[in-house]
Each structure stands twice: as C-alpha cells, then as structure tokens.
Amino acid sequence: MINIAVLGYGTVGSGVVEVIRTNQESINKKAGQDINIKYVLDLREFPGDPVMDILVHDYNVILNDPEVEIVAEVMGGVNPAYDFVKAALEKGKSVCTSNKELVEKHGAELLKIAKEHNRNFLFEASVGGGIPIIRPLNQSLTADEITEITGILNGTTNYILTKMCQEGLAFDTVLKEAQDLGYAERNPEADVEGFDACRKIAILASLAFGKDVDYENIYTEGITKITDVDFKYANSIGCAVKLFGKAKKVDDKFYAYVAPVMVNSTHPLYSVNGVFNGILVNGNVLGDVMFYGSGAGKLPTASAVVSDIVDAVKHLNTNVIIQWSSKKLEITDIKLSSKKFFVRVSGQAEDRLAQIEEAFGKVQVIKVAELTDEFAFITSELTEAAFEEAASKVDGIITRIRIED
Ligand code: HSE
C-alpha cells in the first residue's frame, strides 16, 4: 500500500479525493498497489465531510511522516506551495501538482531536486487541465524535435470568444454572463489579459525546448480589445478569433507569444469552442498531433493529478527524466516574427486604398455591407516591425488582429 497526502481541500483537492474514491479499484490496478489517502491538509474545517477523519492543519505532520510517499499539491499560488513542495522533495517524497504558477516559476529547480532524491515532480494538470499534454511531451513524443506548439490554453477566454463569434455579442456582455455562470472569475484579469495562457505556454515551451522560459519574456496580448465588429468581419470571411499561446523554433531562434489571432476553418484549432482547450504540436518527424479536451474544472483537473499519482507510484524509486534545464531560453523579439495582419480602417476603401497599398503593398480588401464608414484589409506576410512601420503611414487604423494559417 502507498500512502499519499493531499495539500488543499478546495475545488481540485476535493476532486482528487473524489476521483480516487470513485475509481479506487481500477486506479489501484493500474498503479499496481493500493493507494491510501492518509492525510488531507487544509486550514479550514469541513464538518460532516468524511475528510474530517484524515484532515490535518499542520504540514509538518505530513512532512515528518515517513509513510507518506507521495504528496499532491493542489493549493495553488506560489506561497506557501513552493516551500511545501521543496521540503517534500528534499524529504524524499514525490510531488504531483496542478499549480501552474509554481511550475512556471520553479519547475526547473524542483525537477532538479526530485532527480537528486530519485523521486518525481509531476505536473500534468498544470497545463490543459484534464488533457494529457505534459506526459505526451515527455514520454511519447521523444523521437521528435518539437518545432512548434500552438494552444488554446484558456477556457474562459475561449468561451467568451466563441459566444461573441456565434451570437454577435459584445465582450463586456459575454464576460458578465460568463461570470454569472461561474466560467469567469470576478476578477477576470489573469484570463482575459492572457497571463494564464502565458504561464501555460511558458511551461510547454520549457519542456519542448528543454530550457527555462520566463513568462515575463513572452509577448502577451489579451482579448479585451476584441469587439463584436471584429467578428462581423471574421464571420464574413469564414474565420474565428482565438486566443493562441504559441512557441516555435525557426532555424536556431525561438519565438513565443500569446495573442488573439484570426484563423480560418482549415486550421485544426478552429473548431475548439466553448470552455474546451486544444493543443497542436508539431514534431520534425511526426508532423502534427493535436490534443483536445476539458482544460479546467474540478474533475478533469483532478483526473490529471491522479494520473500523476499513479505514475509516481509506478516509478516510486526511479526518477523519470524530464528535460527542463535551469538555463534560460532566449526568446527572439516578436518584432522579428512574420505573419499576415487583418486591419480595420475608417473611411471608404475607394478613397483610402492608394495610401494603404503605398505603405503595405498589395492588400485584400474586406467590406461588410452594414459597416458603411469603415472597411478592413489583409496584408501579405510581413514582420511585426515592418507592420508597425507601414501602419504608422496610414491614418485612421481602428484595430489589427494577427492571422495564423
Ligand atoms: N482560468 C483557467 C481557464 C483555469 O479558464 O482555463 C484553468 O487553468
């Protein structure tokens, strides 16, 4: 029998306990041993909940119990999670976590400590909720050099953009509806400004390219400036607007960004709608492979944490190598990356096209009948720096959205 402890009895923590108790028999069979939740740590009391029998308030009880082999950290936030996880690894316990802030900030260091103690630091639930993506990157796609990862990594923003696209609603209206339904936080900044997706693409890039990527170095643009008018154009040309987190290697340079992008219906991520997440990975020998599913929520996230617990049981005295060095990966300035741009401008195309094409070269004009005092155009592929230079020569630009093929 293997004893484990769960740190935090919030949404994910109670999900971990529920998943283990619901699927106890099959989980034990897959792990090859019986998994026993010996402790749950939380500062609160839960009167009437069976967890009361194993609830502790002092982390030292868990840390100093040599019978506890695996700790599931599902508290969230960097403090005190970092101290708790580090101490557990140093005591020779494996750790499984759903905590993306912790993994993004301290992943390289915690993996090193786990390796030194011949234990494991696992974090499947930190990106894409219930979607298996961390283990596939580490254990399945090992024949490939990963060249590109593109993800819809945030369910809240994907829900908002899908509703705006399908129902023609304004951003503020959909955000309020999402908050009322509990899909968006009362303080939605981390989601709508792209910071959550940024941490996730930083983790995926660190794993894909084997060196530490700081999320502060990734260009990040949220969805707050996307409007219902943008969707009138997008719909007229059969496109959707999605918040992408992207990391790619071109020659010896690495690029990464989070930004809303326009995609057409042939893009594999076009149909990832609502609260779902999708992650498209390109390997140099495999080509494209895509992962799709529930990127958030109590049970999907708990499912990923429990899958790590099973993995930790199966590799109790073996460190499963995860390539993520503490050396920093240099991310190339986004200004040097190239793409097409969708641009909205005020006025009439007939009057404005000469000035626009002088700045941008040949463009494709888009008109929407009901929009009488503006139009849009799509540029050819150019660098972000060249786009900014050209845009500075054109009056009346309302907005621009990057295009991903
Ligand atoms: N706020 C996140 C989302 C939760 O909307 O996807 C999962 O990290």
Side-chain angles (χ1 to χ4, degrees), residues 76-78 98-105 107 123-131 133-134 137 146 148-165 171 174-175 178 183-185 187-209 212-226 240-248 254-263 267-270 272-281 290-297 300-301 304 329 331 334 337 339 401-402 404:
V78 175
S98 57
N99 188 334
K100 61 184 162 275
E101 289 92 346
L102 175 73
V103 176
E104 187 280 325
K105 202 166 165 50
F123 42 91
E124 183 59 71
S126 65
V127 179
I131 305 172
I133 179 63
I134 304 293
L137 279 177
I146 305 300
E148 195 166 318
I149 300 184
T150 312
I152 293 175
L153 299 166
N154 182 271
T156 305
T157 46
N158 203 41
Y159 173 85
I160 292 171
L161 292 172
T162 302
K163 275 266 181 184
M164 288 177 76
C165 183
F171 172 80
V174 184
L175 173 60
Y183 292 155
E185 306 277 350
N187 179 357
E189 192 190 11
D191 292 319
V192 298
E193 296 295 357
F195 306 142
D196 175 82
C198 182
R199 284 197 168 89
K200 292 168 178 168
I201 197 67
I203 293 170
L204 295 180
S206 300
L207 289 172
F209 304 132
D212 201 39
V213 176
D214 283 337
Y215 92 113
E216 290 92 343
N217 294 338
I218 297 178
Y219 175 86
T220 301
E221 190 179 306
I223 64 163
T224 53
K225 294 195 184 82
I226 301 294
V241 179
K242 300 288 184 191
L243 183 70
F244 273 10
K246 189 166 183 111
K248 69 175 175 177
F254 297 91
Y255 297 87
Y257 75 82
V258 172
V261 293
M262 233 180 223
V263 288
H267 195 289
L269 292 168
Y270 171 88
V272 176
N273 284 323
V275 294
F276 286 95
N277 284 193
I279 304 156
L280 180 67
V281 180
M290 193 162 117
F291 302 84
Y292 169 87
S294 295
T301 308
L329 187 79
I331 302 288
I334 191 171
S337 76
K339 48 189 73 67
I401 303 174
R402 295 171 179 85
E404 281 278 344

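- The ring pair (Phe, Tyr, Trp, His ring centres under 6.0 Å) search around Tyr255 returns none, not counting sequence neighbours.
- Considering only residues two or more places apart in sequence or on other chains, Tyr219 meets the ring pair (Phe, Tyr, Trp, His ring centres under 6.0 Å) condition with none of them.
- With sequence neighbours excluded, the residues satisfying side-chain contact (heavy atoms from CB on, under 4.5 Å) with Asp212 are Ala108, Ser206, Asp214, Trp324, Lys328.
- Between Phe276 atom CZ and Ile131 atom CD1 the span is 9.0 Å, to the nearest 0.5 Å.
- The minimum heavy-atom distance linking Pro268 with Leu280 is given by the pair CG-CD2, 3.9 Å.
- Under the side-chain contact (heavy atoms from CB on, under 4.5 Å) criterion, Leu137 pairs with Ile133, Leu141, Ile146, Ile149, Leu204, Leu207, Val281, not counting sequence neighbours.
- Residues forming a side-chain contact (heavy atoms from CB on, under 4.5 Å) with Pro300 (at least two apart in sequence, or on another chain): Ser294.
- For Phe254, the ring pair (Phe, Tyr, Trp, His ring centres under 6.0 Å) partners are Phe209, not counting sequence neighbours.
- The two residues Pro260 and Leu243 come nearest to each other via the heavy atoms N-CD1, 3.6 Å.
- Asn158 places no side-chain N or O within donor-acceptor distance of the main-chain N or O of Val275, the cut-off being under 3.5 Å.
- Glu104 and Ala202 get closest at one heavy-atom pair: CG-CB, 3.9 Å.
- Lys246 meets the side chain to side chain donor-acceptor pair (under 3.5 Å) test with Glu148, Thr150, Glu404; sequence neighbours excluded.
- Across all their heavy atoms, Ser126 and Lys200 have their closest contact at O-CG, 3.9 Å.
- Partners of Tyr215 under the side chain to side chain donor-acceptor pair (under 3.5 Å) rule, at least two apart in sequence or in another chain, are Arg199.
- The two residues Tyr270 and Val263 come nearest to each other via the heavy atoms CD1-O, 3.8 Å.
- Judged as a side chain to side chain donor-acceptor pair (under 3.5 Å), and not counting sequence neighbours, the contacts of Lys339 are Ser337, Glu384.
- For the pair Phe171/Ile160, a side-chain contact is recorded, criterion being any heavy-atom separation below 4.5 Å from C-beta on.
- Considering only residues two or more places apart in sequence or on other chains, Asn154 meets the side chain to side chain donor-acceptor pair (under 3.5 Å) condition with Thr157, Asp191, Asp196.
- Residue pairs meeting the salt bridge (Lys or Arg N to Asp or Glu O under 4.0 Å) criterion with at least one partner in residues 154-164, sequence neighbours excluded, are Lys163-Glu167, Lys163-Glu177.
- Summarising the geometry, atom CD1 belonging to Ile152 is positioned 5.5 Å from atom CZ belonging to Phe244; distances are rounded to the nearest 0.5 Å.
- Glu193 meets the side-chain contact (heavy atoms from CB on, under 4.5 Å) test with Glu189, Phe195, Thr224; sequence neighbours excluded.
- Separation of atoms CD1 (Ile134) and CZ (Phe123) is listed at 5.5 Å; rounding is to 0.5 Å.
- In this structure, Tyr183 and Tyr159 have perpendicular ring planes: the angle between them is above 60°, well past the 30° mark.
- Closest non-hydrogen pair, Thr220 versus Cys198, comes out as OG1-SG, 3.3 Å.
- Taking the side chain as every heavy atom from C-beta outward, Asn277 and Val127 never approach each other to under 4.5 Å.
- In terms of modelled atom types and a separation under 3.5 Å, the side chain of Lys242 and the main chain of Val272 share a donor-acceptor contact.
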